Amino acid sequence: MAELNPLTSRVPATRAVREVPDRVSLDGVEERWDASWSQQGLYAFDRTAAREQVYSIDTPPPTVSGSLHVGHVFSYTHTDVVARYRRMRGAEVFYPMGWDDNGLPTERRVQNYYGVRCDPSLPYVEGFVPPHQGTDGKAVKPTDQVPVSRRNFIELCVRLSAEDEQQFEALWRRLGLSVDWSRTYQTIGERARAVAQAAFLRNLARGEAYQAEAPGLWDVTFQTAVAQAELEARDYPGAYHRVAFHRTDGGGDVHIETTRPELLPACVALIAHPDDERYQHLFGSTVTSPLFGVELPVLAHPAAEPDKGAGIAMCCTFGDLTDVQWWRELRLPTRSVVGRDGRLQRETPDWITADGGRALYAQLAGKTTFSARETVVAGLRDSGELAGEPVATQRKANFYEKGDKPLEIVTSRQWYIRNGGRDEDLRAALLTRGAELGFHPEFMRVRYENWVNGLNGDWLVSRQRFFGVPFPVWYRLDEDGSPDHGNPLVPAESALPIDPSTDCPEGFTEDQRGAPGGFAADPDVMDTWATSSLSPLIVGGWLSDDDLFSRVYPMDLRPQGQDIIRTWLFSTVVRSHLEFGALPWSDAAISGWILDPDRKKMSKSKGNVVTPMGLLEEHGSDAVRYWAASAKLGTDAAFEVGQMKIGRRLAIKVLNASKFALSFGAADEPVSLDPAHVTRPIDRAMLAGLADVVETATAALEAYDHTRALEVTETFFWTFCDDYLELVKDRAYAATDDPAGAASARAALGIALDTLLRLFAPVLPFATEEVWSWWREGSVHRAAWPTAEPLRVAAGDADAGVVAAAGAALAALRKVKSEAKVSMRTPITAVTLTVPAAARTSVELALTDLRAAGRVTGTLDLVSGEDGSSVARDAELGTAEQRA
RNA sequence: GGGCGAUUGGCUCAGUGGUAGAGCGCCUCGUUCACACCGAGGAGGUCACUGGUUCGAACCCAGUAUCGCCCACCA
């Protein structure tokens with residue numbers, strides 16, 4: 001048996017001898033070829049390539065603190081198919097891999113794994129050894145976690161991520177991703193931090209980044225500000241409470257409805273629509289609030305909706321975003337009562353002056369909004385200011401996507417980056433960028449436009465967390481120790497990355513940290529998207545490797561999921577627009593969801609039941625890739641094991657059919673690829689059909705339609721196996737009877753196999769490489785993508801319909817035997833074959849092959865028929881003995 | 001409330017104006033001379049519904065229903 005190990009069987013450029021194994025198998029192909037590709041550096045990026053030759057991919061960095069699930073396998077396969085196709089088209093493919101280890105998920109994992117927690121006020125400890133090292137899956141209790149400095153904490157994040165990343169890489173290699181593994185990045189890595197800080201400082205210098213103290217969405221669990229892009233509207237049970245406010249002119253009560261009675265002490269006005277007849281007489285008057293007796297104006301504003309609740313609302317600072325709008329536009333006072341911890345502030349506000357009101361507030365102080373609500377409602381009941389009983393309602397509330405309590409609105413100082421949310425010109429420019437970008441599929445474009453048109457504020461990029469990229473900024477402290485936020489101190493770009501909590505600003509010394517007249521670090525870190533939005537710059541060598549950057553940027557492709565168009569895709573466009581005034585890539589390929597059999601989005605928990613590695617081991621990587629490649633971009637796909645089995649069958653068929661096609665002729669005779677040998681009409685017709693397939697598949701892949709390319713190739717391949725191969729195999733064997741006919745069949749088979757392997761290579765990289773190694777030099781993955789022209793030359797003026805016509809006639813002969821319930825090898829001693837009149841010429845051209853494949857040993861009367869199908873009649877079948 | 005997809009045989013899906021397709025599953029056979037991780041043959045659909053355009057509609061237009069998703073919606 002031939003030596004298959006590519007590590008040892010380096011062969012000369014022209015292989016004289018086929019090394020086709022007696023038995024073919026997919027077993028072990030993944031390990032074998034991954035090792036070979038890796039050793040050859042087959043997918044290494046040649047950084048001397050000119051920009052026009054390069055096809056660069058802004059690979060999505062998977063979150064390493066989570067686990068990969070089948071959805072990842074699905075979408076990353078789509079990208080790899082594109083990468084392999086482009087490489088075969090002659091492009092130098094820049095295909096890196098990133099690891100997203102930045103942000104909250106890693107923080108939590110590190111806390112549990114090493115038993116530490118971050119305390120940014122602590123100094124860095126050299127050579128720190130964490131108290132735990134993985135704890136058998138058990139999390140270290142928060143009370144047992146040792147506080148460490150931010151730098152120590154980040155070091156542990158990086159260390160643990162590196163371990164996770166090895167497992168991820170192993171999976172991707174097994175799946176056959178043609179990534180250049182020398183080009184990886186981490187979103188918390190030094191380069192990513194330097195790039196994120198440099199880009200931020202440039203935004204700051206240009207006025208695109210700014211700081212503001214303003215009411216904003218706040219998660220009380222994580223105690224951090226949250227951006228619009230991280231919101232999720234969820235159903236949340238609530239109740240309308242009808243509450244009486246009292247007119248100060250003695251005119252009676254005004255009833256409003258609220259779902260948040262606990263905010264009564266934060267009420268600053270009652271507001272109705274200016275055209276609402278019911279409340280015209282009240283505008284300009286004042287009322288006092290129930291329980292607290294605070295005097296409030298009744299105002300008009302068009303944002304009030306007459307058909308909502310009572311049509312008149314209480315405006316609090318702040319219950320919702322409409323309150324913020326009213327507060328801003330009507331210049332209302334600020335009377336916040338909910339603190340950053342989600343509890344009512346401890347001190348009784350000074351705007352509550354009535355004794356009863358102050359006494360009640362004292363009961364609310366320190367309570368969560370939930371229990372404060374119960375207290376207020378009880379108070380309203382006692383005082384008779386609650387009209388009727390609360391009416392249950394289902395409402396939508398904003399949640400942080402990772403949180404489980406509704407967001408509050410809290411005033412805080414935060415960093416923002418302009419994204420068009422407050423600036424029509426910028427918004428229009430970003431919409432134009434979206435229009436320039438090629439979305440695949442096209443309908444995903446509306447999600448981008450929807451999002452940009454719906455922006456209601458700039459991008460909030462600061463987070464009150466630890467494991468992220470720190471803002472590279474310090475503030476001078478005045479004589480009282482108060483920070484001067486207006487004039488931040490910044491480092492030189494060349495000093496980046498820095499951590500302001502451990503590094504000193506120029507001109508200061510560490511002992512001045514926190515001291516009056518000294519300096520203080522900005523305490524915040526950047527939002528994870530503030531780093532991820534720079535992924536093409538991080539991996540492309542921006543600021544650190546200008547030569548590389550000029551060859552890969554702007555990139556060609558951004559592959560990603562549809563759920564992060566508003567975050568990752570949009571924020572990357574924003575950063576690129578601000579920095580370069582151009583798109584970061586020309587095209588975006590958006591993958592759909594994987595649905596479980598219940599048609600629900602496959603959740604991580606469910607996905608973990610079926611581990612990706614287990615899938616690859618059970619079905620083989622080519623089979624799983626086939627399943628993934630069978631689904632169009634942007635379309636949700638079912639998790640379907642059946643489709644993987646079909647893929648496995650296809651991969652095995654590729655091995656077996658190839659082995660057969662290579663078996664004709666002497667073993668030491670080279671397989672001919674010479675089109676001059678292809679002389680028989682049916683052989684030429686087959687190549688004409690293959691030329692059509694090449695054209696269709698190529699056009700489909702150019703249009704990011706890998707499913708169409710696979711489908712036409714696969715359909716041709718099965719017909720090739722079932723009909724063509726059967727029709728010509730006797731002729732291909734019989735070199736002595738008909739040397740020219742045998743040579744024609746053998747060359748056609750060689751050319752077809754060579755073409756088909758290349759067409760299948762992007763989807764089935766292992767099976768095609770395996771076959772390629774039997775008879776060709778080099779790797780199929782560095783072979784040129786096939787073109788139709790040489791096939792057309794070989795085919796001449798042959799009509800591709802000959803194969804179909806002969807195939808249909810062969811099927812008619814088979815049907816006779818099938819209905820007679822005899823073996824397909826049974827000879828036919830006489831038969832009348834009726835074929836469509838239009839196909840008669842084609843069948844005649846293939847008649848000798850047809851007789852051989854159908855085992856017609858006697859007379860075959862060919863008759864032209866009226867209808868469109870081929871039928872065999874009056875067949876006389878030979879006996880079993882005649883088979884031999 | 002605005003929008004985007006989807007709706008084709010039991011299942012998963014192709015099919016953008018010209019006589020309904022594939023694979024799986026099912027039924028009937030066959031088979032070890034490429035392939036039992038197999039081969040051959042067969043049955044099975046008024047293309048969600050209602051109108052319209054057209055010589056002709058699964059496909060184009062209008063509307064309806066169901067499902068999924070995006071955006072908006074906290075009084």
Side-chain angles (χ1 to χ4, degrees), chain A residues 20 22-26 231 233-234 236 238 240-241 243 256-260 263 270-272 303-305 308-316 319-323 326 393 395-398 406-407 409 441 443-451 453-454 456 562-563 565-566 592-593 595 597 599-601 619-620 623 627 630-632 634-643 645-646 648-664 707-708 711-712 714-715 718 721-722 725-726 729 733 810-826 868:
Chain A
V20 183
D22 297 334
R23 285 220 181 95
V24 300
S25 166
L26 290 174
L231 298 185
R234 293 184 204 156
Y236 192 68
Y240 285 118
H241 300 75
V243 177
I256 61 99
E257 289 186 13
T258 179
T259 56
R260 301 204 58 185
L263 292 179
L270 296 190
I271 297 175
E305 296 179 35
K308 223 172 190 179
I312 185 165
M314 70 171 190
C315 174
C316 306
D320 63 29
L321 292 171
T322 313
D323 287 341
W326 285 330
T393 177
R395 62 198 182 111
K396 291 279 188 183
N398 280 324
L407 295 171
I409 294 172
F443 67 75
M444 288 294 177
R445 183 187 306 283
V446 299
R447 301 204 179 186
Y448 178 94
E449 290 167 351
N450 245 341
W451 178 251
N453 281 318
N456 56 28
Q562 55 187 310
D563 50 330
I565 289 174
R566 68 178 184 174
W593 296 119
L595 306 175
R599 308 301 299 171
K600 297 270 169 50
K601 182 187 161 192
H619 303 284
W627 160 72
S630 303
K632 289 191 287 193
T635 301
D636 296 345
F639 174 73
E640 222 203 332
V641 170
Q643 197 68 10
K645 293 185 171 165
I646 297 165
R648 183 166 182 85
R649 194 179 67 143
L650 174 64
I652 291 169
K653 192 79 172 180
V654 166
L655 298 183
N656 278 311
S658 301
K659 174 189 158 195
F660 188 47
L662 294 171
S663 68
F664 305 113
T707 56
R708 175 93 180 117
E711 186 195 354
V712 295
E714 189 186 4
T715 300
W718 283 108
C721 292
D722 295 343
L725 216 38
E726 290 296 324
K729 67 183 181 186
Y733 272 127
L810 178 60
L813 297 176
R814 285 170 177 158
K815 187 171 178 178
V816 166
K817 299 180 194 180
S818 186
E819 286 176 348
K821 302 191 176 181
V822 299
S823 160
M824 289 298 138
R825 304 189 61 79
T826 306

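Given the structure is predicted, the values throughout are model-derived calculations rather than measurements. By convention in this document, chain letters (A, B, ...) are assigned in the order of the sequence lines, proteins followed by strands, and residues within each chain are numbered from 1. Only this structure's heavy atoms are used, side chains among them; waters, hydrogens and symmetry mates stay out.
- Using a 4.0 Å heavy-atom cutoff across all strands shown, A:Lys396 reaches at least one base atom of the nucleic acid.
- Within the 4.0 angstrom heavy-atom criterion, base atoms lie near A:Ala303.
- Using a 4.0 Å heavy-atom distance criterion, A:Arg648 is classed as a base contact.
- Checking B:rC71, B:rC4, B:rG41 against the side-chain heavy atoms of A:Phe443 singles out B:rC4 as nearest.
- When heavy atoms are screened at a 4.0 angstrom cut-off, A:Ser663 is found touching no nucleic acid atom at all.
- A:Ala651 comes within contact range of no nucleotide atom at all, as no heavy-atom separation falls under 4.0 Å.
- With sequence neighbours left out, the ring-ring contact (aromatic ring centres under 6.0 Å, His included) criterion links A:Tyr733 to A:Phe664.
- A:Ser658 comes within contact range of no nucleotide atom at all, as no heavy-atom separation falls under 4.0 Å.
- B:rG42 and B:rG23 have their P atoms separated by 12 Å, with the value rounded to a whole Å.
- Here the nucleotide nearest the side chain of A:Phe660, chosen from B:rG3, B:rA34, B:rG41, is B:rA34.
- When distances are taken from the side chain of A:Glu726 to each of B:rA34, B:rG68, B:rC71, the shortest belongs to B:rA34.
- Closest contact between the side chain of A:Lys632 and the listed nucleotides B:rG15, B:rC74, B:rG41 involves B:rG15.
- Nucleotides B:rU16 and B:rC59, compared at atom P, are 12 Å apart to the nearest Å.
- Atom CZ in A:Arg814 sits roughly 17 Å away from atom P in B:rC38 (whole-Å rounding).
- Nucleic acid contact class of A:Cys721 (heavy atoms, under 4.0 Å, all strands): base.
- Nucleic acid contact class of A:Arg566 (heavy atoms, under 4.0 Å, all strands): sugar-phosphate only.
- Annotation: of the two residues near RNA chain B, A:Lys659 and A:Ser630, the 5′-most nearest-nucleotide partner is A:Ser630.
- With values rounded to the nearest 0.5 angstrom, A:Met824 atom CE is found 9.5 Å from A:Leu810 atom CG.
- Going from the C1' atom of B:rU53 to that of B:rC60 covers 8 Å, rounded to whole Å.
- Each of A:Trp451 and A:Ile256 was assigned the nucleotide of RNA chain B with the nearest heavy atom; the assignment lying further toward the 5' end belongs to A:Trp451.
- Nucleic acid contact for A:Asp722: sugar-phosphate only, since backbone atoms but no base atoms lie under 4.0 Å from a heavy atom of the residue.
- In this structure, A:Met824 reaches the sugar-phosphate backbone alone: every heavy-atom distance under 4.0 Å involves primed, P, OP1 or OP2 atoms, never a base.
- With sequence neighbours excluded, the residues satisfying salt bridge (Lys or Arg N to Asp or Glu O under 4.0 Å) with A:Arg445 are A:Glu442.
- Every side chain to side chain donor-acceptor pair (under 3.5 Å) that A:Trp326 has, sequence neighbours left out, goes to A:His301.
- For A:Glu640, there are no salt bridge (Lys or Arg N to Asp or Glu O under 4.0 Å) partners, not counting sequence neighbours.
- Within the 4.0 angstrom heavy-atom criterion, only backbone atoms of the sugar-phosphate kind lie near A:Trp718; the bases stay farther away.
- The residue A:Glu714 sits apart from the nucleic acid: no heavy atom pair falls under 4.0 Å.
- Atom C1' of nucleotide B:rC27 and atom NZ of A:Lys821 are separated by 11 Å, given to the nearest angstrom.
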All N/O contacts under 3.5 Å from nucleotides 17-25 of chain B to the protein, with atom names and distances to one decimal?
residue, atom, partner, partner atom, Å
B:rC24, OP1, A:Arg649, NH1, 3.2
B:rC24, OP1, A:Arg649, NH2, 3.4

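- With sequence neighbours left out, the side chain to side chain donor-acceptor pair (under 3.5 Å) criterion links A:Arg234 to A:Glu232.
- Between the side chain of A:Lys653 and the base of B:rC35 there is at least one donor-acceptor pair of N/O atoms closer than 3.5 Å.
- Considering only side-chain atoms of A:Ala233, the nucleotide from B:rC13, B:rC33, B:rC73 that sits closest is B:rC73.
- Taking every side-chain heavy atom of A:Asp320 into account, B:rC74 is the closest of B:rC74, B:rA34, B:rG42.
- Using a 4.0 Å heavy-atom criterion, one finds that A:Tyr240 contacts the sugar-phosphate atoms exclusively.
- Counting any heavy atom pair closer than 4.0 Å across all strands shown, A:Tyr733 reaches sugar-phosphate atoms only and no base atom.
- Taking the P atoms as reference points, B:rA6 lies 23 Å from B:rA22, given to the whole Å.
- Taking only distance into account, the side chain of A:Arg825 meets the base of B:rC33 through a donor-acceptor pair shorter than 3.5 Å.
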